[in-house]
Amino acid sequence: MIPWFQIEQIHLGPLTIQVWGLLVSLGFALGVFVLWKEAKRKGVDANIILDLFILILAGAIIGGRLFYAAEHYKEYIGDPLRIFFISEGGMSFFGGFLAALLASMFFVRRKKLAVWKIADTVAPALAAGYAVGRIGCLMIHDHIGKITNFFLGIKTPEGVIRHEPIIYEIVFNGIALFAILWFLRKRIKQDGTLSVIFLVWFLSVRFITDFFRSADLPKSDIRYYGLTLAQIVAIILLLGVGIIFVKKYAHRRS
């Protein structure tokens, strides 16, 4: 059993640092470092990568906030301007992911870049950044899980042992996924394969870990037919990845 811990702020004299924001920022910084290293290895223009990173960052913030506000619209009906108060918290990972993905696709196509080559360059960076950013979620416990007797459960201040799904995501969708992609990046020659591995692994793990999230707490994820919105999005994206992969494979054989 893991003892309870929570660090929301760090006080340095008159300066107050939000731990969640700090670790998300460090996650983005690590992601752009890995992205730059991979771009250099693959011979991609560093200036293009920097522009792409700025788009990914903007898309992640705007999409994440708007997606969260749409899902929890009742909180904002009376005061819509609160949507822009990001410091209050409330971000949807998949909202940010989808917005960043769409912005990146638009950018890559407009610049007439090799889509799959760029996607393979970004994949390890996403996993690395995700691992660090999710530590911020772990520090503030914004996605506490169901009651359990599992040895990795965390004992809450109320004395209840619960799953901590973010630990599973850090391990499997962060550390393990990054290690796999980093190992394979020089061994897989076909553009797009690394991206497909990333998406299938990441979406599958997220679909599974959401079953461990709480459903009995005030801020529990909203369920639709027993599934979280993230799980529904994961299913749709997995089907999309399957269709793209089949078409890509069929095109290679023709």
task = State which residue, out of Leu50, Ile49, Leu126, fulfils the side-chain contact (heavy atoms from CB on, under 4.5 Å) condition with Leu35.
result = Ile49
remark   = Only residue of Ile235, Ile236, Thr228 satisfying side-chain contact (heavy atoms from CB on, under 4.5 Å) with Ile232 is Ile236
Is the backbone of [Y] close enough, under 3.5 Å, to the side chain of [X] for a donor and an acceptor to pair up by distance?
| X | Y | value |
| --- | --- | --- |
| Lys146 | Asp216 | no |
| Thr121 | Ala39 | no |
| Arg65 | Gly63 | no |

What's the spacing between [X] [atom1] and [Y] [atom2] if we round to 0.5 Å?
| X | Y | atom1 | atom2 | value |
| --- | --- | --- | --- | --- |
| Ile166 | Phe212 | CD1 | CZ | 13.0 Å |
| Arg134 | Leu23 | CZ | CG | 12.5 Å |
| Leu57 | Ile62 | CG | CD1 | 9.0 Å |

Can you confirm whether [X] sits close enough to [Y] that some side-chain heavy atom of one is under 4.5 Å from a side-chain heavy atom of the other?
| X | Y | value |
| --- | --- | --- |
| Trp116 | Leu194 | no |
| Leu237 | Phe97 | yes |
| His163 | Ile154 | no |
| Val115 | Met105 | no |
| Arg162 | Ile144 | yes |

Considering all heavy atoms, the nearest [X]-[Y] contact:
| X | Y | result |
| --- | --- | --- |
| Val34 | Ala128 | CG2-CB, 4.1 Å |
| Val44 | Lys117 | CG2-CE, 4.1 Å |
| Ile197 | Leu181 | CG2-CD2, 4.2 Å |
| Ala230 | Asp210 | CB-OD2, 3.5 Å |
| Gln231 | Phe207 | NE2-O, 2.8 Å |
| Ser104 | Ile56 | OG-CG1, 3.3 Å |

Pairs under 3.5 angstrom only: tabulate donor-acceptor contacts from the side chains of residues 169-178 to other protein residues two or more places apart or in another chain.
residue	atom	partner	partner atom	Å
Glu169	OE1	Tyr130	OH	2.1
Glu169	OE2	Arg213	NH2	3.4
Asn173	ND2	Phe202	O	3.2

ask   = Can you hop from Leu199 to Ile188 via hydrophobic side chains spaced under 4.5 Å?
value = yes
key: SB check Asp45 Lys111 (cutoff 4.0 Å)   = no
